[in-house]
Amino acid sequence: MLTAFARAFKTPDLRKKLLFTLGIIVLYRLGAHIPIPGVSYENVQICLDQAKTNSGLFGLVNMFSGGALLQITIFALGIMPYITASIILQLLTVVIPRLENLKKEGQSGTAKITQYTRYLTVALAILQGTGLVATARSGALFSSCQVGSEIVPDQAIFTTVVMVLTMTAGTAVVMWLGELITDRGIGNGMSILMFISIAAGFPSALWAIKQQGSLADGWIEFGVVILVGLFMVGLVVFVEQAQRRIPVQYAKRMIGRRSYGGTSTYIPLKVNQAGIIPVIFASSLLYIPALVAQFSGSTSGWATWIEKHFVKGDHPYYMVTYFLLIVFFAFFYVAISFNPEEVADNMKKYGGFIPGIRAGRPTAEYLSYVLNRITWPGSLYLGLIALVPTAALAGFGANQNFPFGGTSILIIVGVGLETVKQIESQLQQRNYEGFLR
């Protein structure tokens, strides 16, 4: 691996792409520490020091923003609006025929869907920015902080509008930086920014675990967490790379004097076909009742029950519901993202067939059967990985930003593997010698 990186920096054009990507990452991290106008930076830091472990309902968004959300900076919303917009457009593609036709048009249709995603991202950024500013003004962002209500000293409407516009513009800039990495860098711009946002919280989270530990000044807990993390990384790499390869044979056809087809290939069905999407769906859905209970300000029985069972995240009710939602959304997302009938029709159109299976409807039924069989272990794996931080909360007394497990480890390993593959493929293109030098 180190040899591959050394070769990458020795290749001039690839070195420019890597340095350009690193430059964009530096700009992104700088923006995550610049506070927006109208916010008392001193009071925010006081509240962060008093409640380091209290990320509350905004833990997921704070993780995706690299800690910028709770510091209320210009990149406070991070790439979460873009992720949400992408997921919404992907789901609407199945429902709305117009979007489905655009997807089938190829590159021009994809560009149009990307434009719709940008518009929806800005709209969601305005909505989320308004909610964040309202929460900061009311003092609910740091409920346990004594100066929580003084985070936004100026309550004027003009100041509120400027704060919302600043965060919306920051989201647009983050989206632009991600597209620059995709076009002029090493690719996968949004995924790399997501990777950097999550990895930025690892050192502080690990050090917090060490400080909170009691055995040998916390070094034993620190070592146990590192070992658990290495095991989790190995497990995630193993499952993310696992796939069921269904063999496909293409019949030989004679067109004129030329012979086409007669090749063998396979359809790769990943064990975790849904990726990280079910975890994000389940986390977002479980935030809704807790968010409603917090903003209602009610002391009724239902609000107290929700706050007791669904806010902290370590209650058995929360854990069971979270696990079941992940399993459900894994099957749901696989069902809308992979269409066995469409794959079977395309195979039949080009003369392909699975050995031992008739073309057409039997092929679609076989693909659906195999997909359901491998989705079960994939969904259970996602649910267990996502519950690791919750188990750490109960077992180690760790903070909400326990690094190894859940959404963070899935994204970091997945993006890391994909980025290394892209660098390796570009190296092979530039260093392939062939038969003649």
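Every heavy atom of this structure was used, including side-chain atoms; hydrogens, water molecules and symmetry mates were not. Along the sequence shown, the residues carry numbers beginning at 1.
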Novice: List the steps, then state whether side-chain contact (heavy atoms from CB on, under 4.5 Å) holds for Val415 with Met194.
Specialist: CA-CA 9 Å; Val415 176; Met194 194 189 311; 5.5 Å; no
Novice: Supply the atom-to-atom distance Thr419 OG1 to Ile181 CD1, rounded to the nearest 0.5 angstrom.
Specialist: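 Atom-to-atom, Thr419:OG1 and Ile181:CD1 are 10.0 Å apart.
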Novice: Do you know the tightest heavy-atom contact between Val279 and Ala386?
Specialist: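 Looking at all heavy atoms of both residues, the shortest contact is CG1-CB, 4.3 Å.
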Novice: Distance check, rounded to the nearest 0.5 Å: His33 atom NE2 versus Thr73 atom OG1?
Specialist: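 Result: 8.0 Å between the selected atoms.
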Novice: Take Met190 and Ile83, measure what side-chain contact (heavy atoms from CB on, under 4.5 Å) needs, and give me the verdict at the end.
Specialist: CA-CA 9 Å; Met190 291 298 173; Ile83 296 172; over 6 Å; no
Novice: Roughly how far, to the nearest 0.5 Å, is the CD atom of Gln128 from the OG1 atom of Thr84?
Specialist: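 Rounded to the nearest 0.5 Å, the OG1-CD separation comes to 5.5 Å.
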Novice: Do Val236 and Tyr381 touch side chain to side chain, with heavy atoms closer than 4.5 Å?
Specialist: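 Yes. Closest side-chain heavy atoms under 4.5 Å.
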Novice: Is there side-chain contact between Arg358 and Phe353, with at least one heavy-atom pair below 4.5 Å?
Specialist: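 When only atoms from C-beta onward are counted, Phe353 and Arg358 do not touch, as no gap falls below 4.5 Å.
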Novice: Report yes if the side chains of Met163 and Pro37 come closer than 4.5 Å at any heavy-atom pair, otherwise no.
Specialist: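 Side chain of Met163 against side chain of Pro37, heavy atoms only: no contact under 4.5 Å found.
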Novice: Classify the ring geometry between Phe331 and Trp376 as parallel (under 30°), tilted (30 to 60°) or perpendicular (over 60°).
Specialist: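 Phe331 vs Trp376 ring planes: perpendicular.
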Novice: Determine, stepwise, if the pair Glu100 / Thr93 fulfils side chain to side chain donor-acceptor pair (under 3.5 Å).
Specialist: CA-CA 5 Å; Glu100 188 175 1; Thr93 303; over 6 Å; no
Novice: What do you reckon, are the aromatic ring centroids of Phe222 and Trp207 less than 6.0 Å apart?
Specialist: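 Ring-ring flag for Phe222/Trp207: false, centres at least 6.0 Å apart.
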Novice: Surrounding CD of Glu341 (heavy atoms of other residues, nucleotides or ligands, distance under 6.0 Å), is the total greater than 12?
Specialist: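 12 or below, so no.
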Novice: Residues in salt bridge (Lys or Arg N to Asp or Glu O under 4.0 Å) with Arg361, at least two apart?
Specialist: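 Result, salt bridge (Lys or Arg N to Asp or Glu O under 4.0 Å) vs Arg361: Glu365.
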Novice: Give the minimum heavy-atom separation between Ala364 and Pro340, together with the two atoms involved.
Specialist: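 For Ala364 and Pro340, the tightest heavy-atom pair comes out as O-CB, 3.6 Å.
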Novice: Go through Leu382 and Leu410 one step at a time and tell me if the side-chain contact (heavy atoms from CB on, under 4.5 Å) criterion holds.
Specialist: CA-CA 9 Å; Leu382 278 178; Leu410 289 169; 3.6 Å; yes
Novice: Determine the minimum heavy-atom distance between Gly38 and Thr159, stating which atoms define it.
Specialist: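 Reported closest heavy-atom pair: CA-CG2, 4.0 Å.
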Novice: So if I apply the side chain to side chain contact (heavy atoms under 4.5 Å, CB included) rule between Val164 and each of Leu127, Val133, Ile36, which one comes out positive?
Specialist: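 The passing option is Val133.
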Novice: Quick check: closest heavy atoms across Gly187 and Ile192, and the distance to 0.1 Å?
Specialist: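 Between these two residues, the closest heavy atoms are O-CD1, 3.2 Å.
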Novice: Any chance CD of Gln107 has more than 12 other-residue heavy atoms, nucleotides or ligands included, within less than 6.0 Å?
Specialist: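 For Gln107, atom CD is not crowded (no more than 12 foreign heavy atoms under 6.0 Å).
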Novice: Under 4.5 Å between any side-chain heavy atoms of Gln273 and Gln243, yes or no?
Specialist: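 No. Closest side-chain heavy atoms not under 4.5 Å.
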Novice: Dump the intermediate steps for side-chain contact (heavy atoms from CB on, under 4.5 Å) on Thr21 and Leu180, then the final yes or no.
Specialist: CA-CA 9 Å; Thr21 303; Leu180 281 178; over 6 Å; no
Novice: Judged by atom type as modelled, is there a donor-acceptor pair below 3.5 Å linking the side chain of Ser379 to the main-chain atoms of Thr375?
Specialist: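 Present.
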Novice: Can you find a heavy atom in the side chain of Lys103 that is under 4.5 Å from one in the side chain of Ile113?
Specialist: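 They are in contact (side-chain heavy atoms under 4.5 Å apart), so the answer is yes.
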Novice: Is the shortest side-chain heavy-atom distance between Asp345 and Glu342 below 4.5 Å?
Specialist: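 Sidechains of Glu342 and Asp345: no contact.
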Novice: Between Ile374 and Lys270, which heavy-atom pair has the shortest distance, and what is it?
Specialist: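 What the structure gives for the nearest pair is CD1-O, 3.4 Å.
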Novice: Between Phe332 and Phe328, what is the ring plane arrangement, given parallel below 30°, perpendicular above 60°, and tilted in between?
Specialist: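 Aromatic pair Phe332/Phe328 classed parallel.
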Novice: Measuring from atom OG1 of Thr363 to atom CD1 of Ile357, what distance do you get when rounded to the nearest 0.5 angstrom?
Specialist: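 The CD1 atom of Ile357 is 6.5 Å from OG1 of Thr363, to the nearest 0.5 Å.
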Novice: So that I know where these two stand, are Tyr322 and Tyr318 an aromatic pair - ring centroids less than 6.0 Å apart?
Specialist: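 Tyr322 vs Tyr318: aromatic centres under 6.0 Å.
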Novice: Do Ile186 and Phe20 come close enough that some side-chain heavy atom pair is under 4.5 Å?
Specialist: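 With C-beta onward as the side chain, the pair stays apart.
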Novice: Quick test of your reading: applying side chain to side chain donor-acceptor pair (under 3.5 Å), list the pairs with at least one residue in residues 164-192, sequence neighbours left out, ordered by first then second residue.
Specialist: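 Sorted result for residues 164-192: Arg118-Glu179.
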Novice: Please examine the side chains of Tyr82 and Thr121, heavy atoms only from C-beta on, and report whether any two atoms are closer than 4.5 Å.
Specialist: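 Thr121 reaches Tyr82 side chain to side chain.
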Novice: Which atom names give the shortest non-hydrogen contact between Leu325 and Ala282, and what distance separates them?
Specialist: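 Nearest heavy atoms, Leu325 then Ala282: CB-CB, 3.8 Å.
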Novice: Measure the CG-CE distance between Leu132 and Met167 for me, rounded to the nearest 0.5 Å.
Specialist: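 One gets 4.5 Å once the value is rounded to the nearest 0.5 Å.
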Novice: What distance do Leu92 atom CG and Ile336 atom CD1 have between them, rounded to the nearest 0.5 Å?
Specialist: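 Nearest 0.5 Å value for the CG-CD1 distance: 9.5 Å.
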